[in-house]
Amino acid sequence: TGGHTTEILRLLSCLSESYSPRHYVLADSDKMSEAKIRSFEQKRAETFSESQFSLDRIPRSREVRQAWLSSVVTTLYSILYSLPLTYKRKPDLILCNGPGTCVPVCLSAFLLGLLRIKRTIIVYVESICRVETLSLSGKILYYFSDYFIVQWPDLKKKYPKSVYLGRIV
């Protein structure tokens, strides 16, 4: 909680106001990230007066140190919870960077695209701390994302679909 939020907010700080409104999806138990997002958006509103954002919460797909088998069940629950949210928001773009919460949202958006309801571009940015291996979220979303960005050249060598742009956060 918090580290991925800091990274994604650094990325968002570089985006123009045309990426609006922004819809943040948080785990229901994540309080620290909400405070960081609200602070970020408050500062952003000083520059962009028409700045719009919303916060949505979904059940956490996997707790820290949760058993793998039970995490399958909680992730499926999170996906079912995410489907109506993704359908309601119908995002053009999902920009995510690794917390387990992004997996259900991305898979829901991918499913809506398969059903020809709404095509969403999924951009996954692997965390800068992932130097030699992908995170679990990265290992899953490598196959579902439109753009998969890594921040270390060794990861680009291991995962040819990935895009290496250097360190971006």
Is the number of heavy atoms from other residues, nucleotides or ligands within 6.0 Å of OH (Tyr164) greater than 12? yes
Could you pull out all donor-acceptor pairs under 3.5 Å where a side-chain atom in residues 94-112 meets a protein atom, sequence neighbours excluded?
from, atom 1, to, atom 2, distance (Å)
Asn97, ND2, His4, O, 2.8
Ser108, OG, Ile79, O, 3.4
Ser108, OG, Pro104, O, 2.8

Are Ser135 and Ser137 linked by a side-chain donor-acceptor pair shorter than 3.5 Å? no
Does some side-chain heavy atom of Val150 sit less than 4.5 Å from a side-chain heavy atom of Arg130? no
Calculate, to the nearest 0.5 Å, the distance between atoms OG and CD1 belonging to Ser82 and Ile58 respectively. 3.5 Å
Does one hydrophobic cluster hold both Phe144 and Leu80, with members joined at side-chain heavy-atom distances below 4.5 Å? no
Atom pair OG/CG of Ser61 and Leu136 - distance to nearest 0.5 Å: 8.5 Å
Any side-chain to backbone donor/acceptor pair from Glu126 onto Phe148? Under 3.5 Å, distance only. no
Rounding to 0.5 Å, atoms NZ (Lys31) and CG (Leu26) come to a distance of 9.0 Å
Here the gap from Arg22 atom CZ to Ser51 atom OG, rounded to the nearest 0.5 Å, amounts to 4.0 Å
Pair Glu17 + Arg44: basic N to acidic O under 4.0 Å: yes
Could you check if a side-chain atom of Val25 sits within less than 4.5 angstrom of a side-chain atom of Leu85, using non-hydrogen atoms only? yes
Under 4.5 Å between any side-chain heavy atoms of Met32 and Thr5, yes or no? no
Got a donor-acceptor contact below 3.5 angstrom from the Arg57 side chain to the Asp30 backbone? yes
Looking at Thr75 and Val72, would you say the former's side chain and the latter's main chain have a donor-acceptor pair under 3.5 Å? no
For Arg89, is there an ion pair with Asp56 - N to carboxylate O distance below 4.0 angstrom? yes
Could you give the distance from CG (Leu93) to OG1 (Thr120), rounded to the nearest 0.5 Å? 8.5 Å
Count the heavy atoms belonging to other residues, nucleotides or ligands that lie under 6.0 Å from CG of Leu69, then report whether that count exceeds 12. no
Shortest non-hydrogen separation from Ser127 to Gln151 and the atoms involved: C-NE2, 3.8 Å
So do the side chains of Tyr24 and Phe40 get within less than 4.5 Å of each other, counting heavy atoms only? yes
For residues Ile37 and Leu15: do they belong to one hydrophobic cluster (side chain heavy atoms under 4.5 Å, members Ile, Leu, Val, Met, Phe, Trp, Tyr)? yes
In terms of heavy-atom contacts, Arg119 and Asp146 come closest through NH2-OD1, 2.6 Å
What residues form a side-chain hydrogen bond (donor to acceptor under 3.5 Å, both in side chains) with Asp154, not counting sequence neighbours? none
Above 12 or not: heavy atoms from other molecules or residues under 6.0 Å from OH of Tyr19? no
Proximity of Tyr159 and Tyr142 rings by center, below 6.0 Å: yes
Above 12 or not: heavy atoms from other molecules or residues under 6.0 Å from NZ of Lys161? yes
Quick check for you: to the nearest 0.5 Å, what is the distance between Leu11 atom CG and Ile168 atom CD1? 5.0 Å
Check whether any side-chain heavy atom of Trp152 sits under 4.5 Å from a side-chain heavy atom of Ile128, and report yes or no. yes
Counting only heavy atoms from other residues, nucleotides and ligands, does the tally under 6.0 Å from NZ of Lys43 exceed 12? no
Check for a donor-acceptor pair, side chain of Ser13 on one end and backbone N or O of Arg10 on the other, with a separation under 3.5 Å. yes
So, Ser145 side chain and Val123 main chain: donor-acceptor pair closer than 3.5 Å or not? no
Within the side chain of Lys158, is there an N or O that forms a donor-acceptor pair under 3.5 Å with the backbone of Glu132? yes
